[in-house]
S.K.: 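Sharing a structure with you now.
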Amino acid sequence: MKNLRVNPAEDYILQQKEPYREILLFLQQFIERQIPSIQLKYKYKIPFFDYKDRPFCYLNVPRKKTYVELGFWHAAHLTLHPEHLHSDGRKVMRSLRFHSLEAIDPQVLEDLLQEAVSKSHLGFYKK
């Protein structure tokens, strides 16, 4: 029998408690369908997506919090749906937060992913 190895990013997702695991799996699949060339990696101890070999977004279940976070690397350049993005005092990073699977608005998610793709060539900071 072959030794099946799980990607550390996928392992992170599969080891989460519900409802977080369900939300993370949905987000992973949604992102991979929207951006077929994206690569799921494991960086900073969380699942991290690279697009064209550059950081793009991450998935996280922050400790002592009750949500899943989808953070955008180039958030300084995002203009769509600002009412859905949280910064918590961070200068550049912003994220969507989901407390349940039902809280995910697929249109908002798709819009922000497509905008992030279109601006992925820009720098981390807005100049």
Side-chain angles (χ1 to χ4, degrees):
M1 178 181 242
K2 271 187 174 177
N3 182 11
L4 299 176
R5 298 189 68 183
V6 177
N7 174 322
E10 291 173 345
D11 191 44
Y12 172 96
I13 292 168
L14 294 173
Q15 290 193 16
Q16 298 301 317
K17 294 178 182 174
E18 293 297 352
Y20 310 121
R21 178 178 35 232
E22 180 181 41
I23 297 167
L24 290 164
L25 285 168
F26 176 85
L27 291 172
Q28 176 192 0
Q29 292 171 358
F30 192 97
I31 292 165
E32 289 173 344
R33 275 195 316 271
Q34 291 295 313
I35 312 164
S37 60
I38 204 157
Q39 295 180 316
L40 178 62
K41 298 189 175 184
Y42 189 71
K43 299 178 183 179
Y44 314 109
K45 299 182 181 181
I46 57 174
F48 215 101
F49 288 96
D50 281 1
Y51 177 70
K52 295 187 177 182
D53 295 322
R54 297 182 71 186
F56 183 77
C57 67
Y58 64 87
L59 300 172
N60 187 26
V61 179
R63 290 177 190 221
K64 299 183 181 181
K65 302 291 182 185
T66 60
Y67 56 82
V68 170
E69 178 178 50
L70 168 58
F72 291 93
W73 193 257
H74 293 92
H77 304 287
L78 299 179
T79 59
L80 299 176
H81 307 292
E83 70 279 9
H84 294 283
L85 293 167
H86 300 269
S87 64
D88 284 347
R90 296 176 288 193
K91 293 180 181 178
V92 180
M93 299 294 287
R94 289 188 285 164
S95 62
L96 295 170
R97 294 182 179 167
F98 307 106
H99 296 274
S100 69
L101 195 58
E102 297 76 27
I104 299 172
D105 182 331
Q107 190 60 59
V108 169
L109 185 54
E110 182 179 346
D111 290 349
L112 286 168
L113 287 169
Q114 293 308 315
E115 183 181 24
V117 165
S118 73
K119 297 182 177 183
S120 64
H121 65 285
L122 300 173
F124 185 70
Y125 293 99
K126 196 171 191 175
K127 294 180 181 182

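All heavy atoms count here, side chains included; hydrogens, waters and symmetry mates do not.
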S.K.: Give, for atom CG of L109 and atom CZ of F98, the distance between the pair rounded to the nearest 0.5 Å.
M.R.: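 Interatomic distance, L109 CG to F98 CZ, rounded to 0.5 Å: 5.5 Å.
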
S.K.: Taking all non-hydrogen atoms of both residues, which atom of Q39 and which atom of D53 are closest, and how far apart?
M.R.: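 Closest approach of Q39 to D53, heavy atoms only: OE1-OD1, 3.8 Å.
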
S.K.: Applying ring pair (Phe, Tyr, Trp, His ring centres under 6.0 Å), can you list everything that pairs with H86, at least two apart in sequence or on another chain?
M.R.: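 Listed in chain order: nothing, the list is empty.
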
S.K.: Do F30 and E110 come within less than 4.5 Å of each other through their side chains, counting heavy atoms only?
M.R.: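 SC-SC contact between F30 and E110 confirmed.
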
S.K.: Does the pair E69/R63 count as a salt bridge with the N-to-O cut at 4.0 Å?
M.R.: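 Salt bridge: no.
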
S.K.: So do the side chains of H74 and R54 get within less than 4.5 Å of each other, counting heavy atoms only?
M.R.: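 Yes, side chains in contact.
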
S.K.: So is K41 actually on top of F48's ring, under 6.0 Å and inside 45° of the axis?
M.R.: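 Verdict for F48: no cation-pi partner in K41.
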
S.K.: Side-chain donor-acceptor contacts of residues 13-24 below 3.5 Å, not counting sequence neighbours, with atom names and distances?
M.R.:
from : atom 1 : to  : atom 2 : distance (Å)
Q15  : NE2    : D11 : OD1    : 3.0
Q15  : NE2    : D11 : OD2    : 3.1
Q16  : NE2    : Y12 : O      : 3.2
E18  : OE1    : E22 : N      : 3.1
E18  : OE2    : R21 : NE     : 3.0
E18  : OE2    : R21 : NH2    : 3.4
R21  : NH1    : L14 : O      : 2.8
R21  : NH1    : Q16 : O      : 3.1

S.K.: What distance do Q107 atom CD and L112 atom CG have between them, rounded to the nearest 0.5 Å?
M.R.: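 That separation rounds to 10.0 Å.
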
S.K.: Using a strict cut-off of less than 4.0 Å between a Lys/Arg side-chain nitrogen and an Asp/Glu carboxylate oxygen, indicate whether D88 and K65 qualify as a salt bridge.
M.R.: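 K65 and D88: not salt-bridged.
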
S.K.: Kindly indicate whether the side chain of S95, heavy atoms from C-beta on, has any atom under 4.5 Å from the side chain of R90.
M.R.: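 When only atoms from C-beta onward are counted, R90 and S95 do touch, with a gap below 4.5 Å.
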
S.K.: Rounded to the nearest 0.5 Å, how far does CD of Q28 lie from CZ of R33?
M.R.: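 Here the rounded value is 10.5 Å.
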
S.K.: Kindly state whether the ring of W73 and the ring of Y51 have centres lying under 6.0 angstrom apart.
M.R.: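 Not close enough - the centres of the two rings lie 6.0 Å or further apart.
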
S.K.: Got D50 and L40 here, is their nearest side-chain heavy-atom distance under 4.5 Å?
M.R.: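 No, too far: nothing below the 4.5 Å cut-off.
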
S.K.: What I'd like to find out is whether the side chain of I104 reaches to under 4.5 Å of the side chain of L27, using heavy atoms alone.
M.R.: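 The answer is yes, as the side chains (C-beta and beyond) meet within the 4.5 Å cut-off.
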
S.K.: Measuring from atom CZ of F26 to atom CD1 of I31, what distance do you get when rounded to the nearest 0.5 angstrom?
M.R.: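 F26 atom CZ to I31 atom CD1 measures 9.5 Å (nearest 0.5 Å).
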
S.K.: Do V117 and F56 make a side-chain contact, defined as non-hydrogen atoms from C-beta onward lying under 4.5 Å apart?
M.R.: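 With C-beta onward as the side chain, the pair touches.
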
